[in-house]
Asker: 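Please read through the structure below; I'll follow up with questions.
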Amino acid sequence: MNATLIIHDKNGFPIRPLRAARGFTLTEILVAIALIVIIVAIAVVDHGKIIDGGQITAARLFANQEIEPILIQYRINTGNLPNTEQGLRALVIAPEGVTGWNGPYVKNGVLPLDPWGHEYHYAYPGVHNPKNYDCWSAGPDGISGTADDVGNW
C-alpha cells in the first residue's frame with residue numbers, strides 16, 4: 001500500500017508541498033534578448049525620422065509664421081520691409097538711413113538659428129514671392145538653393 005504523508009497546519013488544514021521553481025531555459029532567454037534588440041533597433045530608426053521631421057517642421061514654422069509678425073512690426077515702424085542686402089540683421093541692428101527703427105525686434109537681440117545651426121536666409125522682394133519676402137532655411141545640408149531648403153513658399 002502506498003501511504004502519503006500529509007502535513008497539516010495548526011488549524012488542521014493540509015499544507016501542499018511547494019513545487020520546485022522552474023527557471024528559464026537558455027533558448028527562452030536568447031529569444032527574449034533578440035526581441036528586445038529588434039524593438040530597440042526599430043525605435044532608434046523611427047526616432048531618427050521623428051527628429052528629422054521635427055527639425056523640418058520647426059524650420060517651416062519659423063519661415064512661414066514666426067518671422068512674419070516680427071517683419072510686420074518692422075514695416076509698421078520703418079514703412080518698409082528690410083531689403084535683401086539689409087536682410088534679417090535689420091531686425092537686430094538699425095540699417096543705415098532707415099528712420100523709425102525701434103528694435104531690436106527679436107528676443108534678446110539675437111537672430112534664431114535654424115534647427116541645424118545655420119542662419120536663416122531672407123530676400124525682399126522674394127524670388128518665390130515676388131510681391132513679398134522669401135525666408136528660408138538651407139536645410140540639413142546647409143547649402144542654400146538645394147532640394148532640402150525649407151521656406152515660406
Side-chain angles (χ1 to χ4, degrees), residues 9 15-153:
D9 66 8
I15 299 175
R16 292 185 181 165
L18 296 175
R19 293 184 184 175
R22 183 176 167 257
F24 294 104
T25 65
L26 180 60
T27 305
E28 291 170 329
I29 292 171
L30 291 175
V31 168
I33 290 171
L35 289 173
I36 290 169
V37 167
I38 290 169
I39 290 170
V40 168
I42 290 170
V44 167
V45 169
D46 285 345
H47 182 68
K49 290 178 185 176
I50 290 169
I51 289 173
D52 289 345
Q55 291 173 319
I56 291 168
T57 300
R60 186 169 285 121
L61 281 172
F62 180 84
N64 286 292
Q65 295 176 11
E66 292 179 31
I67 194 67
E68 186 174 13
I70 298 168
L71 288 169
I72 288 171
Q73 186 62 49
Y74 180 94
R75 186 178 201 166
I76 290 170
N77 292 346
T78 64
N80 206 356
L81 290 172
N83 62 35
T84 301
E85 184 181 326
Q86 295 164 337
L88 294 176
R89 293 286 303 151
L91 302 174
V92 178
I93 300 170
E96 195 172 315
V98 172
T99 58
W101 191 88
N102 192 24
Y105 294 90
V106 292
K107 187 176 181 179
N108 299 326
V110 177
L111 288 169
L113 299 176
D114 73 7
W116 300 278
H118 305 110
E119 291 183 3
Y120 282 95
H121 299 273
Y122 171 86
Y124 178 76
V127 173
H128 297 279
N129 300 302
K131 295 182 181 180
N132 208 346
Y133 65 90
D134 288 347
C135 180
W136 70 97
S137 160
D141 69 1
I143 302 169
S144 184
T146 58
D148 69 344
D149 291 0
V150 180
N152 65 336
W153 52 80

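The structure displayed is predicted, hence computed values, not measured ones. Just so you know, residue 1 is the first one in the sequence shown, and it goes up from there. In what follows, every heavy atom counts, from backbone to side chain, and hydrogens, waters and symmetry copies are set aside.
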Asker: So, for P82 and G87, which heavy atoms are closest and what is the spacing to 0.1 Å?
Answerer: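 For P82 versus G87, the nearest heavy atoms are CB-O, 3.5 Å.
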
Asker: Heavy atoms, side chains only, cut-off 4.5 Å: are V127 and W153 in contact?
Answerer: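 Side-chain contact under 4.5 Å: no.
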
Asker: How would you list, by chain and number, every residue that makes a side-chain contact (heavy atoms from CB on, under 4.5 Å) with I143, sequence neighbours excluded?
Answerer: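 Residues passing side-chain contact (heavy atoms from CB on, under 4.5 Å) with I143: D141, T146.
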
Asker: Sequence neighbours left out, what passes side-chain contact (heavy atoms from CB on, under 4.5 Å) with L30? Give chain and number order.
Answerer: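 Partners of L30 under the side-chain contact (heavy atoms from CB on, under 4.5 Å) test: L26.
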
Asker: What's the spacing between L71 CG and N80 CG if we round to 0.5 Å?
Answerer: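 These two atoms lie 11.0 Å from each other.
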
Asker: Going from CG on L88 to OH on Y133, what distance comes out if it is rounded to the nearest 0.5 angstrom?
Answerer: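 Going from CG on L88 over to OH on Y133, the span is 9.5 Å.
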
Asker: Work out which heavy atom in D134 is nearest to a heavy atom in H128; give both atom names and the distance.
Answerer: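 Nearest heavy atoms, D134 then H128: OD2-N, 2.8 Å.
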
Asker: Given side chains that start at C-beta, do those of Q86 and N83 come closer than 4.5 Å, heavy atoms only?
Answerer: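 With C-beta onward as the side chain, the pair touches.
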
Asker: Counting only heavy atoms not in E85, do more than 12 sit closer than 6.0 Å to its CD atom?
Answerer: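 No, not enclosed.
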
Asker: Could you tell me whether the side chain of V31 reaches within less than 4.5 Å of the side chain of F24, counting heavy atoms only?
Answerer: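 No; the side chains remain at least 4.5 Å from each other.
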
Asker: For S144, what residues pass the side-chain contact (heavy atoms from CB on, under 4.5 Å) criterion, not counting sequence neighbours?
Answerer: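 By the side-chain contact (heavy atoms from CB on, under 4.5 Å) rule, S144 matches H121, W136, A138, D149.
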
Asker: Side-chain atoms of residues 60-67: list all donor-acceptor pairs with protein atoms under 3.5 Å, sequence neighbours left out, distances to 0.1 Å.
Answerer:
| unit_1 | atom_1 | unit_2 | atom_2 | d |
| --- | --- | --- | --- | --- |
| N64 | ND2 | R60 | O | 2.9 |

Asker: Identify all side-chain donor-acceptor contacts of residues 89-108 below 3.5 Å with residues at least two apart in sequence or on another chain.
Answerer:
| unit_1 | atom_1 | unit_2 | atom_2 | d |
| --- | --- | --- | --- | --- |
| W101 | NE1 | A90 | O | 2.7 |
| Y105 | OH | N77 | ND2 | 2.8 |
| Y105 | OH | N102 | N | 2.8 |

Asker: Provide the closest heavy-atom pair for Y124 versus N132 in the form atom of the first, atom of the second, distance.
Answerer: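 Looking at all heavy atoms of both residues, the closest pair is CD1-O, 3.5 Å.
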
Asker: List for me each residue that meets side-chain contact (heavy atoms from CB on, under 4.5 Å) alongside E119, sequence neighbours excluded, and say none if there are none.
Answerer: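 E119 satisfies side-chain contact (heavy atoms from CB on, under 4.5 Å) with L113 once adjacent residues are dropped.
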
Asker: Using every non-hydrogen atom in the two residues, find where P115 and Y120 come nearest and quote the distance to one decimal.
Answerer: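 Minimum heavy-atom separation between P115 and Y120: CD-OH, 3.7 Å.
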
